[in-house]
Structures are given as structure tokens and as C-alpha cells.
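For reference, the structure discussed in these notes is given below.
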Amino acid sequence: MSTRPVRVRIAPSPTGDPHVGTAYQALFNAAFARRHGGKFVLRIEDTDRARSTPESERAILAALRWLGIAWDEGPDVGGPFAPYRQSERLAIYREHVERLLAEGHAYRCFCSRERLEQMRAEHRASKDFPGYDRRCRGLDPAEAARRANAGEPHVVRMKVPTDGHAVLSDLLRGEIRKDWASIDDQVILKTDGFPTYHLANVVDDHLMRISHVIRGEEWINSLPKHVRLYEMFGWEPPVFCHLPLLRNADRNRSKLSKRRNPTSIEYYRRAGFLPEALVNFLGLMGWSPADGEEKFTFEQMAREFELERVSLGGPVFDVEKLRWLNGRYLREDHDAKRLVDRLEEWALNRETLERIAPLAQPRLQTLADWGYLTAFFFADDVPFDPDAVTIKGLERDELLDLLQIVALRLDARREWTADGLDADFRRLAGATGLKLRDLTRPFYLVITGRPAATPLFQSMEILGPDLCRVRIRRALERLGPVSAKRRKAAEQRMLEIFGADAP
RNA sequence: GGCCCCGUCGUCCAGCGGUCAGGACACCGGCCUUUCAAGCCGGGAACACGGGUUCGAGUCCCGUCGGGGUCACCA
């Protein structure tokens with residue numbers, strides 16, 4: 001057990017919407033740091049060049065800030081171990097890779113993606129271990145270096161023992177053993193010169209003096225590689241503690257996923273949840289205070305938080321209970337004035353009303369029409385008659401396909417403007433031979449809860465991506481079920497119509 | 001499928017060898033109440049299964065079953 005000063009971190013990768021799982025990890029790390037008078041670091045793991053975006057990074061930071069989870073060091077506030085963005089630390093990783101190469105702990109691999117793919121396919125077919133076959137491990141290092149210097153594309157892989165087993169330690173699970181034979185020579189430096197998670201993570205955790213790595217259970221299988229890297233560098237590894245994964249409320253309790261549940265923190269904000277309630281609720285996942293009181297602040301949690309008290313069963317993210325908790329905050333911690341403040345912070349403010357006004361104005365006969373006309377802007381769910389969701393001439397299945405295609409396309413979209421949405425719907429109308437008005441009709445119902453409302457695309461822009469996506473998903477669920485086969489086909493169709501990239 | 005992790009009410013937790021297995025959400029009843037909420041009172045509801053260890057197992061060990069995770073030049 002380490003006696004070093006407590007330093008923990010959360011290391012999100014900026015590749016999508018701010019996820020409640022990230023907040024969950026952040027909360028437990030922050031509480032642990034606070035409890036032990038340590039530091040909590042936010043590090044951006046943007047080593048995936050294709051998927052990382054600055055917008056996502058901004059959104060993740062903003063979401064955590066909204067939740068009131070504060071970090072001591074990070075890309076925005078700096079700190080003694082800056083930079084805290086991995087894309088700005090490439091020289092450091094390269095240096096460390098060079099060292100492993102020089103010491104014979106790693107080797108250059110020139111295998112093409114095609115070859116690897118083919119190899120994996122063969123292994124799958126023959127049920128062999130599907131890892132890399134280590135073809136390049138035996139290459140002469142000098143020769144490999146020459147080829148690399150000549151510009152031949154390659155990756156660098158770490159050498160992993162070929163027999164015996166790794167003995168690992170997890171704070172909550174104790175000793176874990178894993179055969180080295182089940183682990184392949186992991187790529188640590190990609191062709192583009194970026195490190196993979198495994199390398200960057202270990203190097204940074206060491207350099208940033210991280211004492212405890214508290215992360216999701218999904219990482220447990222790569223722990224041997226990480227521990228091995230510490231060994232190869234001759235570093236003392238931190239204490240590892242793998243937290244259970246948040247689960248869907250479905251039959252299988254699979255890892256929380258947006259197909260089944262809203263996972264974006266932004267959704268919860270837009271749906272009217274209070275940050276203190278969401279944080280409190282996450283604190284109840286796998287942990288509870290000694291006195292059993294379920295309503296508590298971060299400070300109260302941090303005061304008595306112990307990792308040892310975390311339970312290992314994967315907790316189901318039960319929105320019903322979150323709603324109850326949120327209700328308690330609303331009525332116990334707010335008088336009328338404060339409640340109105342909260343409503344204003346949330347959505348009932350001049351800025352939002354002024355955005356909606358131009359859409360509502362042409363449809364108003366009295367000011368009082370405002371209420372029902374714009375109610376859906378200030379709602380989470382909207383009620384609608386499922387039987388009324390139709391497109392003339394289309395079977396229900398075909399209609400569901402359309403909803404599915406739109407849901408997938410909207411998931412892929414990063415930019416959220418009326419014009420962009422307009423373009424998408426027009427394209428879909430064109431591809432399906434439908435008139436735009438026929439195509440959009442069911443979406444009025446699903447998005448606004450009414451057959452006629454303010455203009456769809458502009459309304460969607462104001463409503464924002466999270467609420468729109470959730471409403472379409474819920475509609476799919478209400479109108480479904482959609483078979484897995486049909487869903488796959490819709491996915492294919494979406495790709496045909498829109499391509500893989502979205503603005 | 002191989003490997004790894006996990007297994008207490010439908011859900012979230014408590015229990016860390018001896019409890020009538022406790023609390024919370026949800027559900028069902030009742031009270032309060034101009035409605036609905038809220039609040040209060042009450043109810044049904046769980047130790048996955050089978051072997052051990054022990055005077056005694058939800059608690060320790062093994063197996064089975066079930067669930068999850070992971071097997072990428074994604075994290």
C-alpha cells in the first residue's frame with residue numbers, strides 16, 4: 001500500500017457527449033481526494049485523433065462544472081504537471097517509447113491493418129487466441145529502426161511475457177491472476193505517432209504522481225499490461241481500484257448505454273434535474289453513508305467516503321429514484337423565490353423566451369395561447385397518441401425504420417442548427433421519395449407532442465440535441481418493438497443516405 | 001466462445017459467523033385533504049442453487065447457474 005500523498009485523476013476522452021459514467025467516476029475520485037486531503041486531477045485523454053474534438057472537451061468540462069465537481073489541476077486551470085491534455089504531451093510519450101525500444105521491452109511492428117484483420121479472422125475461425133501473432137517481435141531491432149527511419153509506416157508494441165501469469169491487486173477485489181498467454185503485445189504507439197491509452201495513461205499517471213487509479217471495471221482486463229509497463233519502466237505502480245459500471249434498467253443490465261437510457265449529463269440538465277440531486281444520486285450508486293440518510297451533499301459524502309465501502313454489484317441507474325431525490329431537493333431546499341430562480345437558470349428566462357417568441361408569434365391569437373403552444377419546450381417527456389404516428393402509404397415497420405434512421409443520424413450530428421436539421425430531413429425525404437411534409441408529420445407528434453406546433457427544425461434547435469434524441473428514442477420504444485435485424489438494416493440505410501460523417 | 005469480475009426484496013443500499021435479514025425508491029392499502037402532489041401510518045416483496053468449513057452461515061471455501069466486462073493502431 002502506498003503512503004504517497006493522495007493524488008487521483010479522472011481521464012475522460014473527449015469523443016462524445018459528457019457521460020453520466022464520467023461524472024460517476026469523477027465524483028468518487030473527487031470524494032476520495034477530499035476525504036484524504038489529496039488532489040484531484042482532470043486529464044484529457046485525446047489520443048484518438050479521429051474522434052477527439054475540442055467541442056466535446058469543452059462540453060465535458062462544462063458538464064462537470066455544472067455538477068459542482070471541482071478539480072485541482074486540469075487543462076483549464078493548469079497545475080504543476082502541465083500540460084494536462086495528452087495531445088500536448090506527445091514528445092514525452094515518444095521519449096518513453098524510445099526508452100522501451102532501447103531496452104528491448106518494445107519493438108516496431110510493420111504488419112499492415114489488412115494482415116492483422118486477416119489474422120484475426122483466421123484465429124476467430126479456428127477459435128485460437130485472437131491476439132497479435134507477434135510476427136514482428138523477432139525482427140532485428142537495428143533493421144527495424146532502419147526501415148522506420150526510411151519512412152516505412154509502423155507501430156510500436158510492448159513485449160508481454162508469453163507464459164506464466166500476472167498477479168494483480170485491486171483494492172476492492174484483492175488479488176487477481178491472469179495468464180499472460182491471454183494477453184497480446186499491445187500497441188503502445190500508433191502509426192500516426194500518437195500513443196495508445198495504455199502507454200499514455202501509465203506514463204502520465206506516473207509523471208503526475210497519481211497514487212490511486214480509481215476507474216471503471218471495464219479496465220480490469222488491461223490491468224496486466226499497465227502493471228507490466230510500470231515494471232518495464234521501473235516505476236512503483238499506484239493502487240488500483242476498479243469501480244462497478246453503471247447499468248441499464250433492462251433485463252440484461254448491460255453497461256449504461258444511450259440506446260436504452262439517456263446517458264448525457266446535458267440531457268439531465270435539460271430535463272430539469274438539479275446538479276446537486278444528480279451528484280447525490282450518483283453517490284448512492286455502490287456507496288451509502290453510515291447513517292443511511294440518502295440525501296447528502298458532496299461535502300457530506302467526502303467527509304466519510306471510503307473506497308472500502310463501495311459495493312461491487314453493478315448498480316442500475318434508476319431514473320425513478322433520481323426523480324424522487326430531485327423532488328426532495330426541490331421542495332426541501334427551495335422556497336418560492338429560490339425555486340423561481342432555479343426555473344430561470346434552467347430555461348424559463350428571457351433569452352429562451354425570446355428565441356421561442358418568433359416561432360410562436362404568428363400562431364398566437366391571444367397571449368394565453370402561449371401556454372399550450374410552447375409547453376413542450378419546457379418539458380422532458382411529451383405525451384402523444386401512438387396510433388396517430390403514421391405516414392400515409394407506409395406500414396408501421398417502415399415508419400419505425402424512418403424514426404430509427406433519424407435517431408441514428410441525429411446521434412451522429414455534432415452541429416445542431418435548424419438549417420442542418422432541415423438539410424437532413426430533406427435528404428431523407430429525397431432518398432425515400434416522401435414529401436417533406438409527410439416525413440416530418442410524425443416527428444411533430446414525437447418531438448412536440450402535438451400534430452401541429454411551431455416549426456419543427458427551429459423548435460428542435462431550441463430544444464437541443466439531448467431532448468430531441470430522447471424523445472425519438474422513447475417514441476421508438478412506445479411504438480416498437482423493432483427487431484435487431486430491422487435496426488441493423490436501418491443503420492445500413494442511414495449510412496447509405498447520409499454517409500458516416502456528420503457535420 | 002476464451003479469459004476476468006460480480007451475485008441480499010422489481011431497483012438502490014445496510015449486513016462484514018449468532019439480527020424476527022434493516023432502510024430507501026417503486027408498488028398496494030389507509031389517514032390527512034376542495035383535486036393532485038407532498039406528508040404520516042401500514043402491507044406484500046430478497047440472501048441464485050448445490051456441496052462443504054463451523055456448535056452456528058447472507059456473511060468463509062469449492063462447484064453449478066446467472067449476469068456483466070473484455071478480447072482494436074477506441075478509450
Side-chain angles (χ1 to χ4, degrees), chain A residues 11-16 19 21-22 44-52 86 109-113 116-117 120 123-132 153-157 165-166 168 170 172-174 176-201 215-225 242-256 281-295 308-328 330-332:
Chain A
S13 90
T15 52
H19 197 281
T22 305
I44 294 295
E45 308 235 335
D46 55 348
T47 55
D48 184 340
R49 260 217 278 202
R51 295 195 305 148
S52 296
Q86 292 188 326
C109 170
F110 300 88
C111 294
S112 67
R113 286 168 198 269
L116 293 176
E117 226 163 273
R120 269 192 282 269
H123 287 176
R124 242 196 315 276
S126 63
K127 287 200 227 163
D128 284 343
F129 169 62
Y132 176 57
H154 65 283
V155 300
V156 177
R157 291 177 183 272
H165 55 258
L168 314 151
D170 177 276
L172 289 168
R173 288 158 249 260
I176 298 170
R177 281 158 188 277
K178 195 159 166 62
D179 287 338
W180 282 116
S182 70
I183 299 163
D184 72 350
D185 287 351
Q186 180 66 45
V187 171
I188 54 175
L189 193 72
K190 310 180 211 178
T191 305
D192 65 6
F194 274 57
T196 57
Y197 168 86
H198 307 283
L199 192 270
N201 178 264
R215 75 228 298 191
E217 200 179 3
E218 58 205 319
W219 291 110
I220 227 170
N221 282 312
S222 33
L223 188 53
K225 294 171 193 169
H242 294 87
L243 261 23
L245 263 18
L246 264 25
R247 308 292 183 87
N248 290 315
D250 58 16
R251 198 177 171 67
N252 289 342
R253 299 177 167 207
S254 50
K255 174 163 83 165
L256 195 65
F281 178 69
L282 290 172
L284 251 12
M285 303 278 90
W287 185 83
S288 64
D291 66 6
E293 173 54 60
E294 294 190 289
K295 185 173 171 235
E308 286 79 0
R309 274 180 60 84
V310 172
S311 65
L312 259 19
V316 170
F317 191 93
D318 178 10
V319 183
E320 275 310 309
K321 187 154 182 173
L322 170 58
R323 295 177 69 85
W324 163 79
L325 232 204
N326 200 66
R328 272 190 74 179
L330 246 17
R331 69 187 99 86
E332 292 174 13

Atom-to-atom span, CG of A/Asp184 to P of B/A72 - whole angstrom
7 Å
Heavy-atom donor-acceptor pair, A/Asp184 side chain to A/Tyr132 backbone, under 3.5 Å:
yes
Length of the line joining A/Trp324:CH2 and B/C13:C1', which is rounded to integer Å
12 Å
Should B/U59 form a Watson-Crick or G-U wobble pair with both distances under 3.5 Å, which nucleotide is its partner?
none
Can you check whether A/Arg120 has a side-chain N or O nearer than 4.0 Å to OP1 or OP2 of B/C73?
yes
Applying a 4.0 Å non-hydrogen cut-off, can you work out what A/Arg247 is touching in the nucleic acid: base, sugar-phosphate, or nothing?
sugar-phosphate
Nucleotide forming a Watson-Crick or wobble pair with B/A48, both distances under 3.5 Å:
B/U64
Side chain of A/Arg173: nearest nucleotide among B/C12, B/C6, B/C25?
B/C6
Applying a 4.0 Å non-hydrogen cut-off, can you work out what A/Leu322 is touching in the nucleic acid: base, sugar-phosphate, or nothing?
nothing
To the nearest angstrom, the NZ-P distance between A/Lys225 and B/A72 comes to 8 Å
Pair partner, B/C12 [Watson-Crick or wobble, under 3.5 Å]
B/G23
Of B/A75, B/C25, B/G69, the nucleotide closest to the side chain of A/Ser254 is B/G69
When A/Gln186 and A/Gly292 are each assigned the nearest nucleotide of RNA chain B, the 5'-most assignment goes to A/Gly292
Roughly how many Å is it from CZ in A/Arg215 to P in B/C5, rounded to a whole number?
15 Å
Looking only at atom C1', what distance separates B/C47 and B/G7, rounded to whole Å?
10 Å
From CD of A/Glu332 over to P of B/G39, roughly how many Å is that when rounded to an integer?
8 Å
Single hit among A/Leu199, A/Val155, A/Val156, A/Leu116 for side chain to side chain contact (heavy atoms under 4.5 Å, CB included) with A/Val187:
A/Val155
Output the rounded distance in Å from CD (A/Glu294) to P (B/C25).
7 Å
Could you check whether A/Gly216 gets within reach of a base, just the sugar-phosphate, or nothing at all, counting any heavy atom under 4.0 Å?
nothing
Complementary nucleotide for B/U70 - Watson-Crick or wobble, under 3.5 Å
B/G2
Separation of atom CG in A/Asp185 from atom C1' in B/C71, rounded to whole Å
15 Å
Donor-acceptor pair present, A/Thr191 side chain and B/C73 base, under 3.5 Å
yes
Quick one: look up who B/U53 pairs with, Watson-Crick or G-U, both distances under 3.5 Å, and put none if it's unpaired.
none
Return the nearest nucleotide to the side chain of A/Lys190; candidates are B/A24, B/C3, B/C73.
B/C73
Do the side chains of A/Arg173 and A/Glu217 get close enough for a salt bridge, i.e. N-O under 4.0 angstrom?
yes
Can you confirm whether more than 12 heavy atoms, excluding those of A/Glu117, are under 6.0 Å from its CD atom?
no
Can a donor-acceptor pair be found, under 3.5 Å and without considering hydrogens, that links the side chain of A/Asp179 to the backbone of A/Ala181?
no
Which nucleotide sits closest to the side chain of A/His198: B/G39, B/A75, B/C25?
B/A75
Quick check for you: among B/C4, B/A14, B/A75, whose closest atom lies nearest to any side-chain atom of A/Arg309?
B/A14
Let's see if you can work this out: which of B/G69, B/A26, B/C12 has an atom nearest to the side-chain heavy atoms of A/Pro315?
B/C12
The residue, A/Lys178 or A/Gln86, whose nearest nucleotide of RNA chain B is more 5′ is A/Lys178
In this structure, how many angstroms lie between the P atom of B/G68 and the CD1 atom of A/Ile220, rounded?
17 Å
A/Arg323 atom CZ, over 12 foreign heavy atoms within 6.0 Å:
no
Taking any heavy-atom pair under 4.0 Å as a contact, classify A/Arg157: base, sugar-phosphate, or nothing.
sugar-phosphate
Distance between C1' atoms of B/C62 and B/U70 (Å, rounded)
26 Å
Roughly how many Å apart are B/A57 and B/G18, using the P atom of each and rounding to a whole number?
11 Å
Contact class for A/Thr47 (heavy atom, under 4.0 Å): base, sugar-phosphate, or nothing?
sugar-phosphate
Just call it for A/Val187: base, sugar-phosphate, or nothing, with non-hydrogen atoms closer than 4.0 Å on any strand.
sugar-phosphate
Hey, is A/Glu294 close enough to A/Arg328 for a salt bridge, meaning N to O under 4.0 Å?
no
Base of B/A24, side chain of A/Lys321 - is there a donor-acceptor contact under 3.5 Å?
yes
The side chain of A/Ser311 is closest to which nucleotide in this list: B/A72, B/G69, B/A14?
B/A14
Any strand is fair game: report the nucleotide pairing with B/C40 by Watson-Crick or G-U wobble, both distances under 3.5 Å, or none.
B/G30
